[in-house]
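Below is one structure, written out as structure tokens; the observations come after it.
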Amino acid sequence: MKKIFIIGLFLTITSLAVFAQESKTLRKKANLTLLDHWDNPNGTVERGYAGKSIWKWDEIPSDKKPMPENLRARYREYGSINQKLGINGTVLNNVNAKPMMLSTDMLKKTKKIADVLRPYGMKVYLSVNFASPKALGDLDTADPLDKNVAKWWKKKADEIYRLIPDFGGFLVKANSEGEPGPMDYGRTHVDGANMLARALKPHGGIVMWRAFVYSAKGGDRASQAYDEFMRFDGQFLDNVVIQIKNGPIDFQPREPLSPLFFGLKKTPMMLEIQATQEYTGNSIQTCFLAPMWKEIINSLPLNPDGTRIPVAAVSNIGDSPNWTANDLAMANWYAAGKLANDPSLSPREIAEDFLREYYTDDERFVKPVTDLLLRSYEAVVNYMMPLGLHHIFAGGHHYGPEPWCYHEGWREDWLPRYYHKADSEGIGFDRTIATGSGNISKYPEPLRSQYENIDTCPEELLLWFHHVSWNHRMHNGETLWEALCHKYDQGVREAEEFVKIWESIRPYIDADKYERQHSRFVRQAKDAWWWRDACLLYFQWFSHLPLPADCPTPRHHLDELMKFNLGIDNYTAPEIDALP
């Protein structure tokens, strides 16, 4: 077993070396680093946990009146922070875009935001609804091959650039999760993206076309973006960039890198990561994502032109006075910009710099809280979904656990059972070539062989790629069931330790900042127990195995846990306290 483990470790190291050696030596600055705001015109923010949108469209005049000074000051501060972090662009609105964002009135308001941000080296971009010609124009179609549709987009692009000469371009979510797109007319992603690209090209604008597409009938969801876009490699115009989520599912706490990054050889790509903590505890829990992002960015291949793949981070910003509600969550905004521009930085360097800048340079604070931040990501993975488990969240809000979740009429790939596949034999999604969905075939060698072999597959991704027997022996000699239990316990212990660490630094920061964060750490520890008990007690139904002797007795009963949907806005569960 030890020999097999060493072989697996060698393959892991070799794999990373093959795909990352150039990005470790080539220190070109990415020429594009964006924040993607999932903000709606009505002020709500999809997957936002820091208040309402910072873009106050109702308060920004569309005529010649100046923008209110309070907004100008806020946007100048926003621009200044982003400039310091190396973020040079912002997508102002949700990828689930409303056609009204391209109305003349909204474009005039967008111009005023662009004018404020321009001195900070930031361009503005807009997410666009593909059906806008029907919603805003006199057309009865949005078919990208219709000449009148193409003329409409050209005219709209001309209007935008008259107002905003340095406008960046469009971000597009098409034919995904109900959004309109070219396939509504029997066309392809190439047809849709290239039509928009032609409208923008005379002005120097780009189209960022999202690869987040999947269908209930498309087979393994982890393979669908690859299958959809590989056939179009090399067919997009040169001002089209394919924006790919870091993993092949949806911003899970831990995923393998999307195989599409390795597959596309002729098409510019952009990495999409998520600073807003949709799947890592919202604004309640502290989860410093730099360790995950560092590994992702340094494992990416280069773009076809030899440059590093640029980065877009889904924003965690709202109109909360401290920007991100959770003070420490601002570290993720900070890390996204820093790592995108310099992947050689270590998570420790980033954490220390952030804490010194936004709290204090007192080492009695900086050292323990840096250590806490560096431990927080792995802790969250452990008490939520260790060993490659994924997408077992409560439906809708994605905060608490609900591995038993079932809703009549929901698609199978929206239900946790689609992903964990627990049964009396074992647990995990079989994505192998030999017996499973074949998703592993999308990866190049040596990753393909490494992932296919259950003994060399990295254990942190084991249940992502394999359906594993409850009694399977792990590298340390534990059974899978024992290892699963111990991972959950380890995560809970870490979350409880974070409360103690935070209490130890109380003398070194102001009282308001201390109390604001303390209540969150207390809640995080309680919710870690909720996650641990819910998952282990539920999976025990299938394993029929006792908890190991060294595991604590659960604090909750499964029937109690199944009565409550543990969410950020739902504090009715026993012993779960609301935040102030």
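Keep in mind it's a predicted model, so treat the numbers as computed, not measured.
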For salt bridge (Lys or Arg N to Asp or Glu O under 4.0 Å), just list the numbers for Glu496 and Arg555, CA-CA rounded to whole Å, side-chain angles, deciding distance to a tenth of an Å, and then say yes or no. CA-CA 14 Å; Glu496 292 182 326; Arg555 291 184 176 181; 3.3 Å; yes
Would you mind reporting whether Trp541 and Trp404 have side-chain heavy atoms less than 4.5 Å apart? no
Does the Asp533 side chain pair with the main chain of His556, one donor and one acceptor, at a distance under 3.5 Å? yes
Please lay out, stage by stage, how Asn439 and Ser223 fare under the test side-chain hydrogen bond (donor to acceptor under 3.5 Å, both in side chains). CA-CA 6 Å; Asn439 170 258; Ser223 297; 3.0 Å; yes
Donor + acceptor pair across side chains of Glu452, Tyr443 (<3.5 Å): no
Determine whether the side chains of Tyr406 and Arg417 contain a donor N or O and an acceptor N or O closer than 3.5 Å. no
Report yes if some heavy atom in the side chain of Lys245 is under 4.5 Å from a heavy atom in the side chain of Ser258; otherwise report no. no
Close side-chain approach of Phe465 to Pro256, heavy-atom, < 4.5 Å: yes
I'd like to know if the side chain of Asn316 reaches the main chain of Ala325, judged simply by a donor and an acceptor atom lying under 3.5 Å from each other, with no hydrogens or angles considered. no
Apply side chain to side chain contact (heavy atoms under 4.5 Å, CB included) to residues Tyr279 and Gln274 and explain how you reach the verdict. CA-CA 9 Å; Tyr279 293 105; Gln274 192 180 49; 4.0 Å; yes
Given 3.5 Å as the limit, does a donor-acceptor pair link the side chain of Trp323 with the main chain of Ala329, or not? no
Could you check whether atom NZ of Lys84 has more than 12 heavy atoms from other residues, nucleotides or ligands sitting under 6.0 Å from it? yes
Report the C-alpha distance between Met474 and Leu480 in whole Å, list the side-chain angles of each, state the deciding distance to 0.1 Å, and finish with yes or no for side chain to side chain contact (heavy atoms under 4.5 Å, CB included). CA-CA 6 Å; Met474 308 293 282; Leu480 172 68; 4.1 Å; yes
Donor-acceptor pair between Glu445 and Ser449 side chains, under 3.5 angstrom: yes
Reported CZ-to-CG distance for the pair Phe521 and Leu372, which is rounded to 0.5 angstrom: 4.5 Å
Interatomic spacing from CE in Met385 to CD in Glu255 - rounded to 0.5 Å: 9.5 Å
Would you confirm whether Ser176, through its side chain, and Lys173, through its main-chain N or O, come within 3.5 Å as a donor-acceptor pair? no
Tell me whether the count of non-hydrogen atoms from other residues, nucleotides or ligands lying under 6.0 Å of CD in Glu363 goes above 12. yes
Mind checking whether Pro343 and Arg308 have side chains closer than 4.5 Å, heavy atoms only? yes
Look at the side chain of Glu560 and the backbone N and O of Leu558, then say whether any donor-acceptor pair between them is shorter than 3.5 Å. no
Can a donor-acceptor pair be found between the side chains of Asp36 and Gln243 at a distance below 3.5 Å? yes
Check: Trp481 side chain, Gly426 main-chain N or O, donor-acceptor pair, under 3.5 Å: no
Roughly how far apart are Ile296 CD1 and Leu339 CG, rounded to 0.5 Å? 10.0 Å
What do the steps show when you test Glu459 against Lys487 for salt bridge (Lys or Arg N to Asp or Glu O under 4.0 Å), and what is the final call? CA-CA 12 Å; Glu459 289 190 338; Lys487 285 290 186 182; over 6 Å; no
Atom pair CG/OG1 of Leu545 and Thr479 - distance to nearest 0.5 Å: 7.0 Å
Can a donor-acceptor pair be found, under 3.5 Å and without considering hydrogens, that links the side chain of His466 to the backbone of Leu461? no
Is Glu352 salt-bridged to Lys367, going by a charged N under 4.0 Å from an acidic O? no
Heavy-atom nearest pair, Asn94 first then Glu46, reads ND2-OE1, 2.7 Å
Could you tell me whether the side chains of Asn565 and His397 share a donor-acceptor contact shorter than 3.5 Å? yes
In plain terms, say whether Asp327 and Lys513 are close enough for a salt bridge, that is, a side-chain N and a carboxylate O under 4.0 Å apart. no
Looking only at atom types and distance, does a side-chain atom of His420 sit under 3.5 Å from a main-chain N or O of Ile392, one as donor and one as acceptor? no
Under a 3.5 Å cutoff, is there a donor and acceptor pairing between the side chains of Asn96 and Trp38? no
Test your reading of the model: is there a side-chain donor-acceptor pair from Lys294 to the backbone of Leu345, 3.5 Å cut-off? yes
Any ion pair linking Lys52 and Asp39 (charged N to carboxylate O, less than 4.0 Å)? no
Mind checking whether His390 and Trp464 have ring centres under 6.0 Å apart? yes
Charged N to carboxylate O below 4.0 Å: is that the case for Arg523 and Asp527? yes
Trace of the side chain to side chain contact (heavy atoms under 4.5 Å, CB included) decision for Tyr383 with Trp529: CA-CA 8 Å; Tyr383 66 67; Trp529 269 102; over 6 Å; no
Please check if atom NE2 in His518 has more than 12 non-hydrogen atoms from other residues, nucleotides or ligands closer than 6.0 Å. yes
Side chain to side chain donor-acceptor pair (under 3.5 Å) test vs Asn326 passes for just one of Gln277, Gln517, Arg516, Gln285, namely Gln517
Can any side-chain N or O of Thr276 pair as donor or acceptor with the backbone N or O of Glu278 at less than 3.5 Å? no
Strictly under 6.0 Å, is that where the ring centroids of Tyr418 and Phe429 end up? yes
Rounding to 0.5 Å, atoms CD (Glu482) and OG (Ser543) come to a distance of 11.0 Å
Would Arg254 and Glu460 satisfy salt bridge (Lys or Arg N to Asp or Glu O under 4.0 Å), going step by step from the backbone distance to the final call? CA-CA 8 Å; Arg254 177 174 279 133; Glu460 65 268 21; 5.6 Å; no
More than 12 heavy atoms of other residues, nucleotides or ligands under 6.0 Å from CH2 of Trp410: is that the case? yes
With a 6.0 Å cut-off on the ring centroids, do Trp531 and Tyr399 count as close? no
Centroid separation His398 to His391 less than 6.0 Å: yes
Salt bridge flag under 4.0 Å for residues Asp342 and Lys338: no
Inter-residue atom distance Ile350.CD1 - Leu289.CG, 0.5 Å rounding: 11.5 Å
For side chain to side chain contact (heavy atoms under 4.5 Å, CB included), just list the numbers for Ser283 and Thr324, CA-CA rounded to whole Å, side-chain angles, deciding distance to a tenth of an Å, and then say yes or no. CA-CA 7 Å; Ser283 67; Thr324 55; over 6 Å; no
Do Phe498 and Ser376 touch side chain to side chain, with heavy atoms closer than 4.5 Å? yes
